[in-house]
Q: 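I'd like to ask some things about the structure below.
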Amino acid sequence: MADEESQLVAERRRKLGLVRSAGRTAYPYRFADVVATGTVATAARALEPGAEDLAQSFAVAGRLGAIRQHGKSAFLDLQDRDGSLQLFARVDELGEAGYQTMLDELDPGDIVGAVGRPVRTKRGEPSLRVTRIELLAKALRPPPEKWHGLQDEEARIRHRHVDLFASRESRARFRARSLLTAGLRNFLTEAGFLEVETGVLSSVASGAAARPFVTHSHYLNDELRLRVALELQLKRLLIGGLERVFELGPVFRNEDLDSTHSPEFTMMECYWAYADYTDMRGLVERLYERLAHVAAAALPDVPGAKAAPEVFRPPFDVVDYVETLERAMGRDGLLDAPVDELRRLARATGVAIADDAPAGKCFDKLFDKYVEPTLLRPTFVMDYPTATSPLAKAHRSRPGRIERFELFYRGFELGNAYSELNDPDEQRRRFLEQAGDDPDAHFALDEEFVEALEHGMPPASGLGIGVERMAMALTGTSSIKDLVLFPPTRRRR
RNA sequence: GGGCCCGUAGCUCAGCCCGGUAGAGCAGGCGGCUCUUAACCGCAAGAUCAGGGGUUCGAAUCCCCUCGGGCCCGCCA
């Protein structure tokens, strides 16, 4: 678009020129003693309609919305992080010149500061009777339409800054995500977990079955990969004696973007020494109970969030992986079925399954098709077949199973936990088994990790939660793009 | 990777089926109005119809290609 030439930009530049030729700046350094708009609104709400509080003066600052002129008076909507407030400007307060200058120089979208007294209009709207108004930053581009805002999905993502100031919902959603992340962090910290940062770059990307991003280090003159999981690094911290650790940070998987997957997303993993997956299940239940309240408080007007405390009230449902799958498929003996048979069954669901696909993959697909969509209430699925994960400990009493659970809600995963495998010989064997003959196996043997286990890792349980999915579930958001501020987009040409 | 759909003024949309040379609302300009809140009233202005090619006397409209996006499936957890 030829914005530079557009009338609208030219008009705003003309107004910028007015400010400068009057010897003022359109981009000053600060505006003193700013309070949130809510502070003024609260003070004004205490007044009778039509009344003004002459005793108090407040300064507010934010972005201008609509400007409603009435000849010798004007109403200006001001939006800040807290909400919005109506400014009531009149010629008898600002003087002819001051009033005219304001109207000549300001546009919707400008950042302004205003000083004035709380007032309640005759219609009852809490407002600020303006005694001084100052341009704090000129907006050279016009804001989106005041009623519909930015509708175009592409524009909302590429111009997230505009989406945020134009959409109250968008602001509220990202604020809720932030509060949920903080809630997660607080919960774990209170439970005695130490937050760590283990680094994003490494030579081996392991811990999950995913294709990594590959980059190059000039210093090492070698390839580096972006992490796909936090698991192996955090377990090494258990070996190091940190006992209870968690990390909250980005992981990268070189795959497509869709409504539930983003190539870059935020993962939380925590590891708890001397605990098993039953302990962890209790922790997950308490965690979601707490976060559901955070979501409901953050988004009281969003039905999905408001209902969360009711939905996530413990105890959650608990089902057995194999039993549930067999019942859904109407057959039994799955655990003992030969891998050929599993591949055949998985293909029958219409999914592409390679001729050498391992049994774990087949189980994943079958569960995905037959069971996941039916798990609408928060449900723990217990005791997965051994083939589904090489990093979990064998079940203490059920052959062919591992001590693993996942939490599902509305058909998607909200957490994944194991009693962690800490026998180095067993770990080496399981890695090799998982990789099979596949040279591109994502679970490549991580010899360094196995060697670390040989130093002795305490028995422990680990948990992984995809932060966006957690936030989606608790805020009733259907697309992950609405909870990732800057999802990757194609280069604009 | 496959299928379907979308791209028109700064923003939100109509026009496309059935070809005749682009229309509204908001925002912006000018004028009016000292309690409006999607303010209101009047006047004037604003378009590479995503880009390229083709068909046609004539293309926003029909056809092909490209770019960008959305949804579904696949891949992926």
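Letters go in sequence order (proteins before strands), and every chain restarts at 1. From a predicted model like this one, the values you see are computed outputs, not experimental measurements.
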Q: Going by the rule side chain to side chain contact (heavy atoms under 4.5 Å, CB included), which residues pair with A/Q151 if we only count those two or more places apart in sequence or in a different chain?
A: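 For A/Q151 the side chain to side chain contact (heavy atoms under 4.5 Å, CB included) partners, ignoring immediate neighbours, are A/H148.
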Q: On RNA chain B, compare the nucleotides closest to A/F75 and A/L150; which residue's is nearer the 5' end?
A: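 Nearest-nucleotide comparison on RNA chain B picks A/L150.
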Q: Verify whether one side chain among A/D77 and A/S84 offers a donor that lies under 3.5 Å from an acceptor in the other.
A: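 There is no such pair (donor and acceptor under 3.5 Å, judged by atom type) between the side chains of A/D77 and A/S84.
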Q: On a whole-Å scale, what distance lies between the P atoms belonging to B/rA44 and B/rG31?
A: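 B/rA44 and B/rG31 have their P atoms separated by 16 Å.
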Q: Please report, rounded to the nearest Å, how far the P atom of B/rU34 is from the CZ atom of A/R68.
A: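 These atoms are roughly 17 Å apart.
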Q: Does B/rG1 pair with anything, Watson-Crick or G-U wobble, both distances under 3.5 Å, and if so, with which nucleotide?
A: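 B/rG1 is paired, partner B/rC73.
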Q: Measuring from the side chain of A/D256 (C-beta onward, heavy atoms only), which nucleotide among B/rU34, B/rG1, B/rA27 has the closest atom?
A: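 That would be B/rG1.
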Q: Between the protein and nucleotides 40-46 of chain B, are there any N/O to N/O pairs under 3.5 Å, and if so, what are the atom names and distances?
A:
unit_1: B/rA45; atom_1: O2'; unit_2: A/Q7; atom_2: NE2; d: 3.1

Q: For a quick check of understanding: with a heavy-atom distance under 4.0 Å over all strands, which category does A/F88 fall into, base, sugar-phosphate or nothing?
A: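 Base: the residue A/F88, judged by heavy atoms under 4.0 Å, touches a nucleobase.
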Q: Which part of the nucleic acid, if any, lies within reach of A/E93 when heavy atoms closer than 4.0 Å are counted: base, sugar-phosphate only, or nothing?
A: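 Nothing: the residue A/E93, judged by heavy atoms under 4.0 Å, touches no strand.
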Q: What distance, rounded to whole Å, do you find between the two C1' atoms, one in B/rC17 and one in B/rC65?
A: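 Result for the C1' pair: 23 Å, nearest Å.
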Q: What pairs meet the ring pair (Phe, Tyr, Trp, His ring centres under 6.0 Å) rule with one or both residues in residues 80-134 of chain A, with sequence neighbours excluded?
A: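 Sorted result for residues 80-134 of chain A: A/F75-A/F88.
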Q: Hey, does the side chain of A/K72 come within less than 4.0 Å of B/rC35's phosphate (OP1/OP2), counting only N and O?
A: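 Looking at the OP1 and OP2 atoms of B/rC35, neither is under 4.0 Å from any side-chain N or O of A/K72.
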Q: How about A/R168: does its CZ atom have over 12 heavy atoms from other parts shown lying under 6.0 Å from it?
A: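 Counting other residues, nucleotides and ligands, CZ of A/R168 stays at 12 neighbours or fewer.
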Q: B/rU34 P sits how many Å from A/Y99 OH, rounded?
A: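 Rounded to the whole Å, the gap is 9 Å.
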Q: Can you tell me which nucleotide in B/rC35, B/rU36, B/rC75 comes closest to the side chain of A/E255?
A: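 Nearest listed nucleotide: B/rC75.
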Q: Identify, with sequence neighbours excluded, every residue that meets side chain to side chain contact (heavy atoms under 4.5 Å, CB included) alongside A/A328.
A: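 Once residues adjacent in sequence are excluded, the partners of A/A328 under the side chain to side chain contact (heavy atoms under 4.5 Å, CB included) criterion are A/Y370, A/V371.
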Q: Is there a Watson-Crick or G-U wobble partner for B/rA50 with both distances under 3.5 Å, and which nucleotide is it?
A: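 B/rA50 is paired, partner B/rU66.
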Q: What distance, rounded to whole Å, do you find between the two C1' atoms, one in B/rA9 and one in B/rA60?
A: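 B/rA9 and B/rA60 have their C1' atoms separated by 14 Å.
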Q: List in chain and number order the residues that pass side chain to side chain donor-acceptor pair (under 3.5 Å) with A/S262, two or more places apart in sequence or in another chain; answer none if no residue qualifies.
A: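 A/S262 satisfies side chain to side chain donor-acceptor pair (under 3.5 Å) with no residue once adjacent residues are dropped.
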Q: Checking all strands, does A/G149 fall into the base, sugar-phosphate, or nothing category for heavy-atom contacts under 4.0 angstrom?
A: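 Sugar-phosphate, backbone atoms only, no base.
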Q: Could you work out, with side chain to side chain contact (heavy atoms under 4.5 Å, CB included) as the rule, every residue matching A/D368, not counting sequence neighbours?
A: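 Only A/E372 meet the side chain to side chain contact (heavy atoms under 4.5 Å, CB included) criterion with A/D368.
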Q: Taking the C1' atom in each of B/rG58 and B/rC40, what is the distance between them to the nearest angstrom?
A: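 Each nucleotide's C1' atom is 44 Å from the other's.
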Q: Specify the separation, in whole Å, of atom NZ of A/K365 and atom C1' of B/rC76.
A: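 Atom NZ in A/K365 sits about 7 Å away from atom C1' in B/rC76.
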Q: So what does A/E11 hit on the nucleic acid, given a heavy-atom distance under 4.0 Å: a base, only sugar-phosphate, or nothing?
A: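 Counting heavy atoms under 4.0 Å across all strands, the contact made by A/E11 is with sugar-phosphate only.
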Q: With distance as the sole test, does A/R171 use its side chain to make a donor-acceptor pair with the main-chain N or O of A/F165 at under 3.5 Å?
A: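 Here the side-chain-to-backbone pair exists.
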Q: Are OP1 or OP2 of B/rG74 and a side-chain N or O of A/K369 less than 4.0 angstrom apart?
A: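 A/K369 to B/rG74 OP1/OP2: side-chain N or O found under 4.0 Å.
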Q: With respect to the phosphate group of B/rG29, does any side-chain polar atom (N or O) of A/K15 fall under 4.0 Å of OP1 or OP2?
A: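 It does, given that an N or O in the side chain of A/K15 lies less than 4.0 Å from OP1 or OP2 of B/rG29.
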Q: If the condition is side chain to side chain donor-acceptor pair (under 3.5 Å), which residues does A/S461 pass it with, not counting sequence neighbours?
A: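 For A/S461, no residue satisfies side chain to side chain donor-acceptor pair (under 3.5 Å) once neighbours in sequence are set aside.
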Q: Could you tell me the Watson-Crick or G-U partner of B/rU61, where both distances fall under 3.5 Å? Say none if there is no partner.
A: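 B/rU61 is unpaired by these criteria.
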Q: For a quick check, tell me whether the side chain of A/H261 and the base of B/rC76 share a donor-acceptor pair closer than 3.5 Å.
A: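 In this structure, the two groups form a donor-acceptor pair.
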Q: Please check this pair: side chain of A/R63 against backbone of A/Q79, looking for a donor-acceptor N/O pair closer than 3.5 Å.
A: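 No; zero donor-acceptor contacts below 3.5 Å.
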Q: Would you classify A/D92 as touching base, sugar-phosphate or nothing, given that sugar-phosphate means primed atoms plus P, OP1 and OP2, and contacts are heavy atoms under 4.0 Å?
A: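 If one applies the 4.0 Å heavy-atom cut-off, A/D92 turns out to touch a base.
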Q: Output the rounded distance in Å from CZ (A/R13) to P (B/rG29).
A: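 A/R13 atom CZ is separated from B/rG29 atom P by 16 Å.
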Q: Applying side chain to side chain contact (heavy atoms under 4.5 Å, CB included), can you list everything that pairs with A/E96, at least two apart in sequence or on another chain?
A: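 Applying side chain to side chain contact (heavy atoms under 4.5 Å, CB included) to A/E96 gives A/K72, A/V91.
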Q: Using ring-ring contact (aromatic ring centres under 6.0 Å, His included), reason through A/Y409 and A/F312 one step at a time and then give a plain yes or no.
A: CA-CA 10 Å; A/Y409 170 61; A/F312 286 90; 5.0 Å; yes
Q: Less than 3.5 Å apart, any donor N or O on the side chain of A/E406 or A/Y384 sitting next to an acceptor on the other?
A: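 Result is yes, a qualifying pair exists.
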Q: Rounding to an integer number of angstrom, what distance separates B/rC13 and B/rG20 when you compare their P atoms?
A: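 Looking at atom P only, B/rC13 and B/rG20 are 24 Å apart.
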Q: Which residues within residues 163-174 of chain A lie with some heavy atom under 4.0 Å of an atom in RNA chain B?
A: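 Result for residues 163-174 of chain A: none.
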Q: Would you say the side-chain atoms of A/T101 and A/R24 include a donor-acceptor pair closer than 3.5 Å?
A: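 Looking only at side-chain atoms, A/R24 and A/T101 do not form any donor-acceptor pair under 3.5 Å.
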Q: With rounding to whole Å, what would you report as the distance between B/rG74 and B/rG15 at their C1' atoms?
A: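 One C1' to the other, the span is 37 Å.
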Q: In whole Å, I'd like the distance from the CZ atom of A/R156 to the C1' atom of B/rC11.
A: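 From A/R156 CZ to B/rC11 C1': 14 Å.
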Q: Can you pull every protein N or O that's under 3.5 Å from an N or O on nucleotides 69-71 of chain B?
A:
unit_1: B/rG69; atom_1: OP1; unit_2: A/R490; atom_2: N; d: 3.2
unit_1: B/rG69; atom_1: OP2; unit_2: A/R490; atom_2: NE; d: 3.0
unit_1: B/rG69; atom_1: O4'; unit_2: A/E154; atom_2: OE1; d: 3.3
unit_1: B/rG70; atom_1: OP1; unit_2: A/K481; atom_2: NZ; d: 2.9
unit_1: B/rC71; atom_1: OP2; unit_2: A/K481; atom_2: NZ; d: 3.4

Q: For atom C1', what is the distance between B/rU21 and B/rU56, given to the nearest Å?
A: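 After rounding to an integer number of Å, I get 14 Å for this pair.
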Q: I need the residues from residues 115-134 of chain A with at least one non-hydrogen atom less than 4.0 Å from RNA chain B; give them sorted by number, or say none.
A: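 Nucleic-acid contacts, sorted: A/T121, A/K122, A/R123, A/E125.
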Q: Whole angstrom is fine here: how far is it from CG in A/L85 over to P in B/rU36?
A: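 Atom-to-atom, A/L85 to B/rU36, this comes out as 17 Å.
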Q: Step by step, would you call A/K138 with A/D110 a salt bridge (Lys or Arg N to Asp or Glu O under 4.0 Å)?
A: CA-CA 5 Å; A/K138 186 71 191 167; A/D110 288 350; 2.7 Å; yes
Q: Which pairs pass salt bridge (Lys or Arg N to Asp or Glu O under 4.0 Å) with one or both residues in residues 471-484 of chain A, sequence neighbours excluded?
A: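 Sorted pair list: A/R156-A/D482.
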Q: Can you tell me how far P in B/rA27 sits from the matching atom in B/rG52, rounded to whole Å?
A: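 Per the computed distance, 33 Å lies between those P atoms.
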Q: Please check this pair: side chain of A/R430 against backbone of A/K393, looking for a donor-acceptor N/O pair closer than 3.5 Å.
A: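 Side chain of A/R430 to backbone of A/K393, a donor-acceptor pair under 3.5 Å: no, none is there.
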Q: Is any N or O donor-acceptor pair between the side chain of A/D107 and the base of B/rG28 shorter than 3.5 Å?
A: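 No.
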Q: Just the rounded figure in Å: distance from C1' of B/rC35 to CG of A/D77.
A: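 About 14 Å, once rounded to whole Å.
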Q: Nearest whole Å is fine: how far is B/rG28 C1' from A/E145 CD?
A: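 Going from A/E145 (CD) to B/rG28 (C1'), I get 13 Å.
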